[in-house]
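Inspection log for the structure reproduced underneath, given as structure tokens.
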Amino acid sequence: MVENFDEWFHDILENANITDSRYPIKGMAVWMPYGFQIRKHSMNIIKKLLDKDHEEVLFPMLVPETELAKEGIHVKGFEDEVYWVTKGGQTDLNEHLALRPTSETAIYPMYSLWIRTHIDLPIKMYQIVNTFRYETKHTRPLIRVREITTFKEAHTAHATKDESDEQIQDFIEIYKEFFDDLGLPYLISKRPEWDKFPGADYTMAFDVIMPNGKTLQIGTIHNLGQTFAKTFDITFEDKDGQHKLVYQTCAGLSDRVIASVIGIHGDDKGLRLPPKVSPNQVTIIPILFKKGKEEVLAKCAEIKEQLEAEGIRVNLDDRDIRPGKKFNDWELKGTPIKLELGPRDLENNITIAMRRDEEEKIEIPLDDALADNVIELLNKSQGNLSEIAWDFQAEHVKFTENIDEISELVEAGNVVKFYWCGDEAIGKEIEEKTGYDILGIQEEISEGKCIASDNDAKYIALIAKTY
Ligand code: PR8
């Protein structure tokens, strides 16, 4: 799998019924039923987290050209990626309409109307929508798509810069919690100046290391300062009667999150889904013989009911096919726990539980404690997947003080930590010399020398091969 991760990833999407990429537009795929369920459960987790202090809204998908063009730096960053609607039926439109590549230019003109005084602040809104980016880099299902089907974008406005910086920290905490629920490890860094979001003062990013050693940016949080406030005239009357510009932030996640759940937890047999996002947390597989068939099936149905009553998502696979085939199917689809029940188990009043993340089989009594026992196994499975993934990350982040060593380390599948002075020209030189991307700054330091100059080091930075 590690040797040929891209092929593994491509095959699993099809075999596990996640997406179908045969839709006849490049970079746009169909969410298949099983994939759709994973998407739904992960979306529900982030919604719940955001709902605590953000309001969900829904803006139109089309943005007038005049609005999109208003913010110079922003539009420059996206101009090559915008799809345009230029006709309504046979009629050429007077004003071209952009399919949102992201929604700053749709939302902020409305913020300008809504925000009047300090009482209206802060504003914290989010929407989950599809966005469109005519990506020129190699497209890959879920990872780099042209229709981002599940773009979770949050947009906030504040009275002070401090509040906007605090909001960045809040988003970091929310995203951590979200990724923790998916068992995903992450590297957080402040993107270098040349790689920040178009129009942002600074960008904080979450990256994961995929099994092939390439990093994938799975979430970004941007402090927009007052750039958009100036462009869209978003002002408020403060307590002192003065009219001031707001400070803004935005943050976004996409289908890439699902790609990393699939890639990071998967193994040679297929998916290994964390219980919190798995469509079925438990799959019951009856072992049927002619004799006692009805009894076994009836017991399986009873178990299903018993577990569902405790809020567990259960699937009873009563298809008329060999049990071996069912085991393989659910191994491929990554159900966290399989419960096997045959006539002899029924006699002994037990079921055999198999965790997808471990080989061992466990006997569980079919009694009142069944649901509790299953929940305990689900929790262990969730924790174990997360631990394995964090261990993998820890083993694949290496430090060096020698620039010539970077290539060897990255080619061996690592992300490399190094001392950097923070100078943009030196940073770009490092990228050019190594052929990799500086992900960003992880922490500030006050000792050591820059890896590529005589300057004192100011930061520990990360460099990697990126998707
Ligand atoms: C913003 N505005 O837009 P961002 N395919 C899959 N995932 C993608 C793609 C793509 N083509 N492009 C980006 N992403 C801000 C924040 C509103 C919300 C994912 O930020 O351009 C990446 O994981 O950084 C990225 O971190 C996230 O969307 C947000 O996109």
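Everything numeric here is computed off the predicted structure, so don't read it as measured data. One-based numbering along the sequence shown. Atoms within a ligand are numbered from 1 in the order they appear, just like the ligands themselves.
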Per-atom contacts, ligand 1 versus [X] - under 4.0 Å to a heavy atom:
{"X": "G219", "value": "23 (O), 26 (O)"}
{"X": "E153", "value": "17 (C), 18 (C)"}
{"X": "T220", "value": "4 (P), 20 (O), 24 (O), 25 (C), 26 (O), 27 (C), 29 (C), 30 (O)"}
{"X": "C250", "value": "2 (N), 15 (C), 16 (C)"}
{"X": "F197", "value": "1 (C), 2 (N), 3 (O), 15 (C), 20 (O), 21 (O)"}
{"X": "Q217", "value": "22 (C), 23 (O), 24 (O), 25 (C), 26 (O)"}
{"X": "R144", "value": "5 (N)"}
{"X": "A251", "value": "16 (C), 18 (C)"}

Does the side chain of [X] come under 3.5 Å of the side chain of [Y] through a donor N or O and an acceptor N or O?
{"X": "Y108", "Y": "H155", "result": "yes"}
{"X": "T139", "Y": "R146", "result": "no"}
{"X": "H158", "Y": "T160", "result": "no"}
{"X": "N455", "Y": "D423", "result": "no"}

Assess [X] for proximity to ligand 1: is some non-hydrogen atom of it under 4.0 Å away?
{"X": "F206", "value": "no"}
{"X": "H155", "value": "yes"}
{"X": "D255", "value": "no"}
{"X": "I221", "value": "no"}

Hey, is [atom1] on [X] packed in by over 12 heavy atoms from elsewhere, all under 6.0 Å?
{"X": "F36", "atom1": "CZ", "value": "no"}
{"X": "K26", "atom1": "NZ", "value": "yes"}
{"X": "Y23", "atom1": "OH", "value": "no"}

Candidate pair E411 and Y436, rule side-chain contact (heavy atoms from CB on, under 4.5 Å), full reasoning: CA-CA 10 Å; E411 291 308 319; Y436 307 124; 2.5 Å; yes
[atom] [closest protein heavy-atom partner, distance rounded to 0.1 Å]:
{"atom": "atom 2 (N) of ligand 1", "value": "E104 OE2, 2.5 Å"}
{"atom": "atom 11 (N) of ligand 1", "value": "E135 OE2, 2.7 Å"}
{"atom": "atom 5 (N) of ligand 1", "value": "V145 N, 3.1 Å"}
{"atom": "atom 6 (C) of ligand 1", "value": "I143 O, 3.3 Å"}
{"atom": "atom 7 (N) of ligand 1", "value": "S254 OG, 2.7 Å"}
{"atom": "atom 9 (C) of ligand 1", "value": "I148 CD1, 3.4 Å"}

Shortest reach to atom 3 (O) of ligand 1 by a heavy atom, considering only H222, R133, R146: R133
Distance (rounded to the nearest 0.5 Å) between N328 CG and K333 NZ: 13.0 Å
Pi-cation contact, Y202 with K190 (under 6.0 Å, within 45°): yes
Exam field: side chain D11 to backbone W8, donor-acceptor pair closer than 3.5 Å: no
